Number of protein chains: 2
Amino acid sequence: MATMHDVARLARVSVSTVSYVLTGTRPISQATRDKVLAAMAELDYQPNAMARGLASRRSRIVGLLMPMDERGLGATETAFVTGAAAAASAAGYHLVLSPVGVGDVDDLRRLASQRMLDGAVLMEVQVSDARVGALQEAGVPLVLIGRTGDTSDLSYVDIDFDQTVREAVAHLVGLGHRRIVYVNHSAATIEAGYGPAVRTREAFVAAMAGHGLEPLMIPAEDSAAGGRAALAAALARTPDLTAVLVMNESAIFGILGELTTRGLRVPDDVSVVSMVTSPQVAELATPALTAMTSPGSALGRMAVEALLRHLEGAGEQHQQLLPCALEIRGSTGPASTAPAGTDDLTDHIPAARTGRHRIDPTGSGPPGT
Amino acid sequence: MATMHDVARLARVSVSTVSYVLTGTRPISQATRDKVLAAMAELDYQPNAMARGLASRRSRIVGLLMPMDERGLGATETAFVTGAAAAASAAGYHLVLSPVGVGDVDDLRRLASQRMLDGAVLMEVQVSDARVGALQEAGVPLVLIGRTGDTSDLSYVDIDFDQTVREAVAHLVGLGHRRIVYVNHSAATIEAGYGPAVRTREAFVAAMAGHGLEPLMIPAEDSAAGGRAALAAALARTPDLTAVLVMNESAIFGILGELTTRGLRVPDDVSVVSMVTSPQVAELATPALTAMTSPGSALGRMAVEALLRHLEGAGEQHQQLLPCALEIRGSTGPASTAPAGTDDLTDHIPAARTGRHRIDPTGSGPPGT
DNA sequence: ATGAAAGCGCTAACAG
DNA sequence: CTGTTAGCGCTTTCAT
């Protein structure tokens, strides 16, 4: 493996000159530059990353930090990762993937102190996240995907939940739906202050209010079974619902299954919009789901790009929201029943629909809280 | 940030002593070790990764190399990544994620020459993969997830397709199925020599022969539409099929949709087994899919562990196959019709089933080739 | 515009 | 068992 010394000798210049043509931090005459470049090519020279990192105190490595629990990554998180990896790679940086859960602050501190990372992108951020402080104290430049509660002097990229919910609701209202139920994450997740769950809840209330409609909401465990239960509870409470807006990617197929089980057709009887969903997942359903497609890889890319901008000196704070894009597929259509509050409702209820159970929902809090 | 020098001074020993208590490469008296450890704790010392890497010529970084094309990672690939990341992290190594497609051999050579990686795990391996040679020439220790055609002097972990297919077929045969259709990846993918497609095809022929059954096979494009088309073609050719074995994770939902469209119930009329599928995806279907669950994160973990064993000196070649685990869910049941070849078949065909089209399959090669 | 030389923080001979 | 010292390959003053 050729070293910079070898290149210098072959080109009959000093090592520093070679270094400078590489880094471009001082003017080099065209003649010498050519000589050096030729020597590099001849020797197939590649700078040693460790040596460069030690001397320059910049590793050209950025970390992608995320908790990696049992259930693995969803499609959206995976897109963050691939987007980030692509962006880092394109900029000549390396991306190290580090499993750092919210509880592993000590590990994180250790990682940060090794001076291996020039900066970090933090995923799956909680409203109150100890990892942020740890990184900041360690002096590691940081960009979040998601947001903590207090975002002053923090850089982040996140989904524009407000705008996303507004568009989804507008789409359904435009189709004549008025009894729209919002299926969120679990009550526990909302309690815990999980940003997407909290923000979409508020956005939904606001959006519905904007149309003069009542915000019907129900939590769901992150599973197919949770989806089934949530839909059952929603129907029990709101028998005349004509549309469901689903935030819970894990529950969506349970919801669809339960609809089918009850003989409710999508979209004829009930329209379904899935929020923050990848196109791949949306296409799995039959009919394919109308969805608010999350800008997953774009967020990953932008997070890394913002971070690199930090590292390159332009230390501006970067706070950016990206809405999910409405992609209309087959799961939404015109409302099948008359608006809620009227009494000619039964005329429009399909046969199978009369079989609905009217049991109380279990394990789920009251809507709207 | 404290350096080793600071620790040495505080502990009143030489830097080399500090270094040796850290690396353990030479005996240290308990007394000195304690002094040093105390000093480290006091100063909150963490070794500088770059300096250590430069001096020792070992970065403690391993690469996870994979092509990152448009459609993103599937659940199985994602599991490789998380498994690998967890294993690396547990062993005190860092994992850099590098997007290196089959065509990017130059990028790969450059990456390898930077001496940043102690070794690499290569994903999405093709039968003939230029990246393998490039890495070997660069002297980068390597473990594959998957296999090339010639595996002599290569280390790899891969799915045991033979065993997996055998178990899946045995499960179906045990339920009385005899007309079983195997839905593979696309003809083009098979032509290209994509290992999983080729190996499962051969395994299916062998497994069916072992039961004295005819191996019915059909390719499918990697999409829901491809799945629908494949099922239609399969029914056209084999109207009395009672089970489908699906290798194509992207097509599976199309197949299920098409079955539903035709009024064929799962598992009453047709049993479905999905191969090399993650539990998460299997749970998405209604009913949940009986599946051969891929040992995704285990493979990722084992690949990294094998690689690290290489790096730590035990340079044994590691070749290991792991079968997918049969997880019986709701999509398989007893065969609904009499064995193929008998004529009392029509008695058992459900009403909706008579509507099958008998058109020729289009865009799909003959089965069994 | 170029060179010489002093580190960056650590490992690993080489010497006791 | 411990200390001294020469690098690892590069960046970056300080000179010229």
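By convention in this document, chain letters (A, B, ...) are assigned in the order of the sequence lines, proteins followed by strands, and residues within each chain are numbered from 1. Given the structure is predicted, the values throughout are model-derived calculations rather than measurements. Reckoned from all heavy atoms, side chains included, excluding hydrogens, waters and symmetry mates.
A/S29 places a side-chain N or O within 3.5 Å of a backbone atom of A/T32 that can act as its donor or acceptor partner. Under a 3.5 Å cut-off, the side chain of B/Q319 and the backbone N or O of B/D153 do not form any donor-acceptor pair. Looking only at distances, no side-chain donor or acceptor of B/D107 sits under 3.5 Å from a matching main-chain atom of B/D104. Side-chain N or O atoms of A/N48 include one that pairs as donor or acceptor with a backbone N or O of A/A51 at under 3.5 Å. Of the possible polar contacts, one joining the A/T78 side chain to the A/G74 backbone as a donor-acceptor pair under 3.5 Å is found. Listed for the B/R57 side chain is a donor-acceptor partner under 3.5 Å among the backbone atoms of B/A55. Of the possible donor and acceptor atoms, none in the side chain of A/D118 sits under 3.5 Å from a partner among the backbone N and O of A/V62. When atom types are taken as modelled, the side chain of A/T82 and the backbone of A/A79 share a donor-acceptor pair closer than 3.5 angstrom.
A sub-4.0 Å separation between OP1 or OP2 of D/dT11 and a side-chain N or O of A/S19 is present.
With the end axes of the helix from C/dA1-D/dT16 to C/dG16-D/dC1 each set by five pairs, the angle from one to the other reads 40° at 10° resolution.
For the segment residues 52-63 of chain A, the set of residues with a heavy atom within less than 4.0 Å of an atom of DNA chain D comprises A/R52, A/A55, A/S56, in numerical order. Near DNA chain C, defined here as any heavy-atom distance below 4.0 Å, the residues from residues 40-47 of chain B are B/Y45, B/P47, listed numerically. A heavy-atom distance below 4.0 Å to DNA chain D is reached by these residues of residues 3-13 of chain A, ordered by number: A/T3, A/M4.
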N/O donor to acceptor pairs below 3.5 angstrom from side-chain atoms of residues 122-138 of chain A, sequence neighbours left out:
from, atom 1, to, atom 2, distance (Å)
A/D129, OD1, A/R131, N, 3.0
A/D129, OD1, A/R131, NE, 2.9
A/D129, OD2, A/Q126, N, 3.0
A/D129, OD2, A/R131, NE, 3.4
A/D129, OD2, A/R131, NH2, 2.7
A/R131, NH1, A/V100, O, 2.9
A/R131, NH2, A/M123, O, 3.4
A/R131, NH2, A/E124, O, 3.1
A/E137, OE1, A/R109, NH1, 3.3

Solution key, residues 304-314 of chain B side-chain donor-acceptor pairs under 3.5 Å, sequence neighbours excluded:
from, atom 1, to, atom 2, distance (Å)
B/H310, NE2, B/S155, OG, 3.3
B/H310, NE2, B/E316, O, 2.7
B/E312, OE2, B/Y93, OH, 3.2

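For B/D158, the side chain to side chain donor-acceptor pair (under 3.5 Å) partners at least two apart in sequence or on another chain are B/R147.
Side-chain contact between B/H94 and A/M116 is present, with heavy atoms from C-beta onward closer than 4.5 Å. The side-chain heavy atoms of B/L97 and A/L64, taken from C-beta on, include no pair separated by under 4.5 Å. The shortest side-chain heavy-atom distance between A/Y156 and A/L321 falls under the 4.5 Å cut-off.
Legend: salt bridge (charged side-chain N to carboxylate O under 4.0 Å, His left out) pairs involving residues 28-52 of chain B, not counting sequence neighbours: none detected. Applying the salt bridge (charged side-chain N to carboxylate O under 4.0 Å, His left out) test to residues at least two apart or on different chains, none of the pairs has a partner in residues 89-99 of chain B. Residue pairs meeting the salt bridge (charged side-chain N to carboxylate O under 4.0 Å, His left out) criterion with at least one member in residues 3-22 of chain B, sequence neighbours excluded: B/D6-B/R9.
The nucleotide range of DNA chain C contacted by chain B, defined by atoms under 4.0 angstrom from heavy atoms of the protein and reported 5' to 3', is C/dG9 to C/dC14.
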Might you list the N or O atoms of the protein lying below 3.5 Å from N or O atoms in nucleotides 13-16 of chain D, with each pair's distance?
from, atom 1, to, atom 2, distance (Å)
D/dT13, O4, A/Y20, OH, 3.4

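If you check every strand for non-hydrogen atoms under 4.0 Å, B/L22 touches nothing. Residue contacts shown for B/T25 are absent, as no nucleic acid heavy atom lies under 4.0 Å away.
Nucleotides of DNA chain D nearest to B/S29 and A/N48 differ in position, and the one nearer the 5' end is that of B/S29. Closest-nucleotide positions on DNA chain C for A/V15 and B/A2 were compared, and the one nearer the 5' end corresponds to A/V15.
No side-chain N or O of B/S16 forms a donor-acceptor pair with one of B/S19 less than 3.5 Å apart.
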